[in-house]
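Take a look at the structure below.
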Amino acid sequence: MRLSVAIDGPAGAGKSTIAKIIGKNFNLMYINTGAMYRAVTVLAIRNNINYSDIEKLCTLVDSLEIHFEKDKIIVNNEDLSDKINMPEISNQVSNYAAVLEVRERLVKLQRKMSEKYDVVMDGRDIGTVVLKDAAFKFYLTASPENRATRRFKEFIDKGIDVKYEKILRDIIERDYIDSHRKVNPLTKAEDAIEIDSSNMTIEEVVAFITNCIKKDIYEALD
Ligand code: DC
């Protein structure tokens, strides 16, 4: 059986940073499922397809070959890694991610990836839907203010001029949409271990997850 680690949680909790490190440490392929929803959003907007146009959206998603190469997302041979993080994509992605038909297709792809590789996958519905049988499930949270501060610093470090209040508002709005949508809303899986990273460093979170995985592996070997 393949090893899979699921990391869910709201935007800005540090999932991707943590998942990348866990992937390297345990030799797992890192699958950033948020990047997949973002890539669909990039291509839908490029092709003038609104999130309410389900038929066109389905045709678009069915025409996509998506894979990850060294943390880059490649879609139909195009590297979309930079485009997916543009502010206009962040503002629209929740709407596209709420479409049942889009989710069904991406969930199918994600499961296929987990059958082919040992994976660490981060997202919103990994422990509850995509990899219900994952050996390890974590739910990573932090307060909205804390997450907004981290995002704010990331933008400032990149020289991008942003307002903290706007980032905080966007995070609260995205939390609301992600956790109130009808299909696969953001919730903690019953068997997931919750980690509130508000007062933890990245190293502390990585150490905690690493210990959980190692402890289980050693117990299984005993
Ligand atoms: O993690 P992120 O900010 O890159 O996610 C982008 C959007 O996609 C966000 O609105 C939540 C949504 N998403 C989802 O619905 N299910 C996932 N498994 C991953 C992301």
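We count ligands from 1, going down the list as the structure has it; atoms in each ligand are counted the same way.
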Pairwise distance CD1(I177) to CG(N95) - rounded to 0.5 angstrom: 5.5 Å
Min N/O separation N32 to ligand 1 under 3.5 Å: no
From CG (L3) to CZ (F26), nearest 0.5 Å: 8.5 Å
From I73 atom CD1 to I31 atom CD1, the distance as rounded to the nearest 0.5 Å: 9.0 Å
Numbered atoms of ligand 1 (with element) below 4.0 Å of R174, judged on heavy atoms: 3 (O), 6 (C), 9 (C), 10 (O)
Nearest non-hydrogen protein atom, atom 4 (O) of ligand 1: R38 NE, 2.7 Å
Protein heavy atom at shortest distance from atom 12 (C) of ligand 1: A97 CB, 3.8 Å
Which segment of R181 sits under 4.0 Å of ligand 1 when only heavy atoms are counted: side chain
Nearest neighbour in protein (non-hydrogen) for atom 18 (N) of ligand 1: D125 OD1, 2.8 Å
Nearest neighbour in protein (non-hydrogen) for atom 19 (C) of ligand 1: T33 OG1, 3.3 Å
Y37 N/O under 3.5 Å from ligand 1 N/O: no
Protein contact to atom 16 (N) of ligand 1 [nearest heavy atom, distance to 0.1 Å]: R103 NH2, 3.0 Å
Distance-only side-chain donor-acceptor flag, R124 / S179, under 3.5 Å: no
Nearest neighbour in protein (non-hydrogen) for atom 13 (N) of ligand 1: R124 CG, 3.7 Å
Atoms in ligand 1 flagged as close to S94, the criterion being non-hydrogen separation under 4.0 Å: 10 (O)
Hydrophobic cluster membership, V40 vs I74, 4.5 Å side-chain cutoff: no
Any side-chain heavy-atom pair of M121 and L131 under 4.5 Å: yes
In one Ile/Leu/Val/Met/Phe/Trp/Tyr side-chain cluster, 4.5 Å: F136, V129: no
Mode of M36 contact toward ligand 1 - side chain, backbone, both, neither (heavy atoms, under 4.0 Å): neither
Atoms in ligand 1 with a heavy atom of D178 nearer than 4.0 Å: 9 (C), 10 (O), 11 (C)
Value rounded to 0.5 Å, distance of CD1 in I89 from CG in D82: 12.5 Å
Minimum-distance protein heavy atom relative to atom 20 (C) of ligand 1: G34 CA, 3.5 Å
Nearest-0.5 Å distance that lies between atom SG in C212 and atom CZ in F138: 4.5 Å
For S197, the option from E204, R150, R147 that meets side-chain hydrogen bond (donor to acceptor under 3.5 Å, both in side chains): R150
Backbone or side-chain N or O of K15 under 3.5 Å from ligand 1 N or O: no
